[in-house]
S.K.: 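Shown below is the structure under consideration.
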There are 2 protein chains.
Amino acid sequence: MDVDTRLLRSFAAVCEEGQLTAAAARLFVSQPTLTKQIRQLETLLGGELFERSRRGMAPTPAGRALAERAGPMLAGWDDALRATRAAAAEQVATLRVGFEGGIINLMSRRTVADFTRRMPGWQVELRQNNWFDPTSGLATGEIDLTLWHAPPYLAAQYNVAVLGEEPRVAALSSGHRLAAQAELSFEDLLDEPFVAIPHEAGHWRDYWLAARERGGRPVRIGAVAHNTDEWLAAVVCGQGIGFAPETMSRLAPREDVAYRPVRGLSPSQVGLYWPKDRELTPAMAAFVRSCRATVGYGATAWETGPGDGPGLA
Amino acid sequence: MDVDTRLLRSFAAVCEEGQLTAAAARLFVSQPTLTKQIRQLETLLGGELFERSRRGMAPTPAGRALAERAGPMLAGWDDALRATRAAAAEQVATLRVGFEGGIINLMSRRTVADFTRRMPGWQVELRQNNWFDPTSGLATGEIDLTLWHAPPYLAAQYNVAVLGEEPRVAALSSGHRLAAQAELSFEDLLDEPFVAIPHEAGHWRDYWLAARERGGRPVRIGAVAHNTDEWLAAVVCGQGIGFAPETMSRLAPREDVAYRPVRGLSPSQVGLYWPKDRELTPAMAAFVRSCRATVGYGATAWETGPGDGPGLA
DNA sequence: CGGTTCCATAACCTTGGGGCATGGATGTCG
DNA sequence: CGACATCCATGCCCCAAGGTTATGGAACCG
C-alpha cells in the first residue's frame with residue numbers, strides 16, 4: 001500500500017488550515033482537487049480522516065493518528081532528498097550555489113577561478129533564487145550553499161559563514177516628496193505604501209518590509225513584485241517605496257530611483273548559508289574561502305564578520 | 001518535490017537484488033517498468049543512483065545515501081498505515097480478524113455472540129487470509145488480529161495469545177503406498193514429493209514443508225497450490241503429499257485422502273497474533289477471551305497454553 | 001561464434017488526477 | 001425573512017503518467 005508524499009502534504013495542510021478552501025489556496029491547487037486527494041487517502045486508509053462541517057474539516061481520531069506521523073515522514077523524505085542530491089552533486093564534482101537577487105553580480109570571474117584552483121576538477125553551478133522560495137532550494141537539497149542577505153534572527157536557523165554586514169537603504173521614486181532629503185528617518189516612512197515581495201516568501205517578506213521594526217504597526221502594501229525588475233518598476237511608478245541592500249544602489253543605479261540611508265533601520269547580514277544538519281564538505285569550505293578572498297574586491301563596505309562558522313578555522 | 005513510496009520500494013528492491021530483472025520479478029512488474037521507475041527517481045534526485053553494468057546494478061554514493069534512508073521511511077509509512085487504519089476501525093467500532101486457511105471453521109456463532117456481549121455495539125469483520133500474504137494484512141494494518149497456526153520461531157515476532165497446540169499430520173492420497181500405515185515416521189517421507197504453498201509465503205512455506213526438520217535435505221516439490229482446494233486436489237491426484245494441522249482431517253474429511261500422524265514432526269502453535277508494536281485494545285482483549293471461551297468447543301485437542309500474552313491477566 | 005543475460009528503447013493503451021463549472025447545505029446579515 | 005456568503009461535493013472533460021509487450025544492443029560464456 002503506497003502513497004505519494006503529495007497526498008501527505010495535502011493532508012498536513014488541511015490539518016493545519018482546518019478547511020479545504022484555504023489549504024487548496026496554500027497548495028496552489030483547486031479545491032475539488034483537494035477534496036479528491038483527501039478522499040483518496042481516506043479510501044486507502046479505510047476510514048474518515050476528517051469530520052466535515054460548514055466550519056471546515058476537523059480531524060477524527062484516525063486523522064490525528066496520521067497527522068502525528070505525517071510530519072516526521074515528510075521531514076524524513078526531505079532529508080533523504082537533500083542528502084541524496086548532495087551525494088549526487090559530489091559524485092560529479094559540482095558545487096551548486098544559489099544567490100539571492102542581484103547579489104550575484106558581486107561574484108566575479110575571480111571567485112570561480114579561485115575556487116577552481118582550490119578544488120581542481122570541480123565546477124560551480126550558479127542559480128539565481130527567485131523570490132517565491134526563500135529557502136532557495138537549501139531545504140530540498142537543490143543547492144549546497146546560498147549567498148544571502150539574511151536578518152540575524154533567521155540566520156540562527158542555518159549554518160552560516162558571515163562575509164559582512166550591509167546597511168539597508170530605502171528606494172523611492174526620484175519624484176517622491178521624501179527624495180529631497182539626503183537621509184530619511186524610519187518613522188517618516190511608516191505610513192508610506194510599500195512594494196512587497198510575495199507572501200510565499202514568509203519571514204523573508206516581513207524582513208524586507210521591516211515588519212519587526214514597525215512595532216506591530218500594519219504595513220500599507222502598494223504593490224507586490226516577483227523579481228527585481230518588477231520591484232524597481234513599481235517603485236519608479238510610485239506604487240510604493242521599498243528597502244533594499246545598499247549594494248543595489250550601485251548595481252542597479254537609475255536616475256528615476258533615489259536610494260537613501262534610513263536612520264533606525266538595522267543592517268542585513270551577508271553570508272553563505274547552508275542547512276543546519278549538513279556537514280561542511282571540502283568543496284563548500286573552499287568556496288567560502290574563495291568568497292572571502294575575492295567577493296567585495298574593490299569598494300564594497302563588507303567586512304569579515306566575527307563569526308567564522310563551524311569548520312572554517 | 002514528492003515521491004510515491006512505490007518508487008522507494010522499487011529502489012529498495014533493486015538495491016537488495018542487485019539487478020533489475022530479479023527485482024522486477026519480485027515486485028510483480030515488468031523489467032521496463034522498473035527501468036523507468038529508477039530513471040524517474042534519478043531525474044528527481046538529479047544524479048545516477050546506480051552504476052549499470054552487465055552484472056547488474058551497483059549503487060553509487062548517492063544511491064547508498066538514499067538506501068540508508070529509504071528503509072526507515074518505508075517503515076515509517078507502514079507504521080502510519082497500521083496506526084491510522086486501526087484508529088479508523090476503532091472509530092466505527094469494528095474488530096477486523098483474519099483467519100488462516102480452514103481454521104475459520106472452528107469459529108462459531110457463539111464466538112461472535114460472546115464478543116458482542118463483551119463489547120456492545122461492536123461488530124466483527126472476518127477475513128480469510130490467502131496463502132500469498134503470510135502476514136495476513138497484520139503488517140499493513142488491514143486487520144487487528146489473526147488466528148494462526150504458527151511455528152513457535154515465527155511467533156516470537158508477534159504478540160500472541162496462545163490458544164493451544166495442535167499436531168501436524170501428513171495428508172496422502174488414499175491410494176498412496178504409505179497410506180496403509182496407521183502412523184508414519186518423518187524419515188519415511190523425506191524423499192516424497194510435496195505439495196507446497198507459493199514462494200511468496202516465505203517462512204510460512206518452509207514451515208509447512210517442515211524444512212527445518214529435514215536437516216538441510218532438499219525438498220522435492222510435486223506441485224504448488226494456492227488455496228486449500230487446490231492443495232487437496234493435488235494430494236488426491238498423487239502429485240505429492242503434504243502436512244496439515246490435525247483439525248483439517250475433521251474439517252475436510254475425504255475418502256480419497258488419508259491423514260496420518262507423523263512421528264518426529266513438531267506440533268504447531270495455535271493462537272491469536274497481533275503486531276509487536278501494537279497495544280492490545282479492549283476490543284482485541286475481549287475477542288481473545290471470547291475465543292478462549294468458545295473456540296474448540298466440542299472435541300478439539302487444544303489447551304490453553306502457559307503464556308497468556310501481555311495484557312490478558 | 002551462437003547463446004544467454006541484462007538493461008534500454010519504442011510504441012501503444014489505459015487509468016488517474018487535475019481543472020472548471022455547478023450544486024447543495026448551512027449560517028449570516030440587512 | 002429572504003438574499004448572500006461560505007465551504008464542501010459532484011460531474012464532465014482532458015492531458016499526462018505509468019504500465020505492458022516487443023525489440024534492440026552490449027557483454028560474457030562456453
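In what follows, every heavy atom counts, from backbone to side chain, and hydrogens, waters and symmetry copies are set aside. In what follows, chains are A, B, ... by sequence order, proteins preceding strands, each numbered from 1.
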S.K.: Could R278(A) and D79(A) be called an ion pair, given the rule that one side-chain N must be under 4.0 Å from one carboxylate O?
M.R.: no
S.K.: Taking only N and O in the side chain of R6(A), is any of them less than 4.0 Å away from OP1 or OP2 of dG18(C)?
M.R.: yes
S.K.: In whole Å, I'd like the distance from the CG atom of D4(A) to the P atom of dG17(C).
M.R.: 9 Å
S.K.: Return whichever of P32(A) or K36(A) has its heavy-atom-nearest nucleotide of DNA chain C closer to the 5' end.
M.R.: K36(A)
S.K.: Tell me the interatomic distance from F50(B), atom CZ, to dA8(C), atom P, rounded to whole angstroms.
M.R.: 11 Å
S.K.: Taking only N and O in the side chain of R52(A), is any of them less than 4.0 Å away from OP1 or OP2 of dT26(C)?
M.R.: no
S.K.: Taking only N and O in the side chain of T21(B), is any of them less than 4.0 Å away from OP1 or OP2 of dC7(C)?
M.R.: yes
S.K.: Rounded off to whole Å, could you give me the CD-to-P distance for the Q19(A) and dT26(C) pair?
M.R.: 18 Å
S.K.: Between Q37(A) and T33(A), is there a side-chain donor-acceptor contact under 3.5 Å, judged purely by atom types and distance?
M.R.: no
S.K.: Show, in sequence, the C-alpha distance, side-chain angles and deciding distance for W148(A) and Y158(A), and conclude whether the ring pair (Phe, Tyr, Trp, His ring centres under 6.0 Å) test is met.
M.R.: CA-CA 11 Å; W148(A) 254 4; Y158(A) 298 88; 5.4 Å; yes
S.K.: Specify the separation, in whole Å, of atom CD of E51(B) and atom P of dC7(C).
M.R.: 14 Å
S.K.: Indicate whether OP1 or OP2 belonging to dG18(D) is found under 4.0 Å from a side-chain N or O atom of Q40(B).
M.R.: yes
S.K.: What is the distance from CD1 of I38(B) to C1' of dC6(C), rounded to the nearest Å?
M.R.: 15 Å
S.K.: Would you say a side-chain N or O of Q31(A) is under 4.0 Å from OP1 or OP2 of dG19(C)?
M.R.: no
S.K.: Within the structure, does a side-chain N or O atom of T35(B) lie under 4.0 Å from either OP1 or OP2 of dA8(C)?
M.R.: yes
S.K.: What is the nucleic acid contact for T33(B), judged by heavy atoms within less than 4.0 Å: base, sugar-phosphate only, or nothing?
M.R.: base
S.K.: CG of L49(B) versus C1' of dC7(C): gap in Å, rounded?
M.R.: 16 Å
S.K.: Hey, does the side chain of R39(B) come within less than 4.0 Å of dA8(C)'s phosphate (OP1/OP2), counting only N and O?
M.R.: yes
S.K.: Tell me the interatomic distance from E48(B), atom CD, to dC7(C), atom P, rounded to whole angstroms.
M.R.: 14 Å
S.K.: Taking only N and O in the side chain of R55(A), is any of them less than 4.0 Å away from OP1 or OP2 of dC7(D)?
M.R.: no
S.K.: Which whole-number value in Å describes the distance from L20(B) CG to dC7(C) P?
M.R.: 4 Å
S.K.: Taking the nucleotide of DNA chain D with the nearest heavy atom to each, does M57(A) or L7(B) sit closer to the 5' end?
M.R.: M57(A)
S.K.: Donor-acceptor pair, distance only, cut-off 3.5 Å: does the side chain of T5(B) make one with the backbone of V3(A)?
M.R.: yes
S.K.: What pair of heavy atoms forms the shortest contact from E17(B) to A22(B), and how long is it?
M.R.: OE1-CB, 3.6 Å
